[in-house]
Amino acid sequence: VQLQASGGGLAQLGGSLRLSCAASGSGFRINTMNWHRKTPGSQRELVAGITSGGSTNYVDSVKGRFTISRDNAKNTVYLQMNSLKPEDTAVYYCEADYLILGDTVVAGRAWGQGTLVTVSS
């Protein structure tokens, strides 16, 4: 399973960006999909997650501003980021927990390549 993230870029304070992350491969089923972010000198932070059933969770700092969603038919997860702040500046990574369905079921985790979000004040 491979993940391809897109949608990062430059936004102004209070602006919006939408990140997308599409999973590709064959014979898999995606379970939870998450967005993480990392800034230089800091640890990676789980920003938002969504289960296959649509249950979501968010880190407190983005609640009310970010919305995670997914299109299961397209194996794609989105992160709508509104009211952006300079502290949202980071490289954002998508991550997916999946199952490979065959004679045996194999669980795995895939990461996207990261997309840079920069918020200017």
Exercise. Is the NZ or CZ atom of Arg70 positioned over Tyr78's six-membered ring, under 6.0 angstrom from the centre and within 45° of the axis?
Worked result: no
CG of Leu79 to CG of Leu17, rounded to nearest 0.5 Å, is 10.0 Å
Residues 89-98 side chain polar contacts: donor-acceptor under 3.5 Å, at least two apart:
unit_1 : atom_1 : unit_2 : atom_2 : d
Thr89  : OG1    : Pro86  : O      : 2.9
Thr89  : OG1    : Val119 : N      : 2.9
Thr89  : OG1    : Val119 : O      : 3.4
Tyr92  : OH     : Arg37  : NH1    : 2.9
Tyr92  : OH     : Asp88  : O      : 2.6
Glu95  : OE1    : Asn34  : ND2    : 2.8
Glu95  : OE1    : His36  : NE2    : 2.9
Glu95  : OE2    : Arg109 : NE     : 3.2
Asp97  : OD1    : Arg109 : NE     : 2.6
Asp97  : OD1    : Arg109 : NH2    : 3.3

The reported gap from CD in Gln2 to OG in Ser24 (rounded to nearest 0.5 angstrom) is 5.0 Å
Check your understanding: Under a 4.5 Å cut-off applied to non-hydrogen side-chain atoms, are Thr51 and Thr56 in contact?
Key -> no
Members sharing Val105's hydrophobic cluster, built from side-chain contacts under 4.5 Å between Ile, Leu, Val, Met, Phe, Trp and Tyr, are Leu99, Leu101
Output for pair (Asn82 CG, Thr67 OG1), nearest 0.5 Å, gives 6.5 Å
Looking only at heavy atoms, the pair that brings Tyr58 and Ile68 closest together is OH-N, 2.9 Å
For Lys74, the salt bridge (charged side-chain N to carboxylate O under 4.0 Å, His left out) test, sequence neighbours excluded, returns none
Tell me whether Leu46 shares a hydrophobic cluster with Met33, the cluster being built from Ile, Leu, Val, Met, Phe, Trp, Tyr side chains joined at under 4.5 Å. no
Here the gap from Leu84 atom CG to Ser16 atom OG, rounded to the nearest 0.5 Å, amounts to 6.0 Å
Flag if over 12 foreign heavy atoms under 6.0 Å of CD, Glu45 = yes
Original post:
Considering residues, nucleotides and ligands other than Gln43, do more than 12 of their heavy atoms fall under 6.0 Å from its CD?
Top reply: no
According to a hydrophobic-cluster definition based on side-chain heavy atoms being under 4.5 Å apart (Ile, Leu, Val, Met, Phe, Trp, Tyr only), do Val62 and Leu13 belong together? no
Exercise for review: Show the numbers, then the answer: is there a side chain to side chain contact (heavy atoms under 4.5 Å, CB included) between Ile50 and Val77?
Suggested key: CA-CA 8 Å; Ile50 185 167; Val77 64; 4.0 Å; yes
Ile100 and Ser26 have their tightest heavy-atom pair at CD1-O, 4.5 Å
One should read off an interatomic distance between Lys85 NZ and Ser61 OG, to the nearest 0.5 angstrom, of 8.0 Å
With heavy-atom distances below 4.5 Å as the criterion, would you say the side chains of Gln4 and Gln113 are in contact? yes
Value for CZ (Phe66) from CE (Met81), rounded to nearest 0.5 Å, stands at 5.5 Å
Min side-chain heavy-atom separation Leu19-Trp35 under 4.5 Å: yes
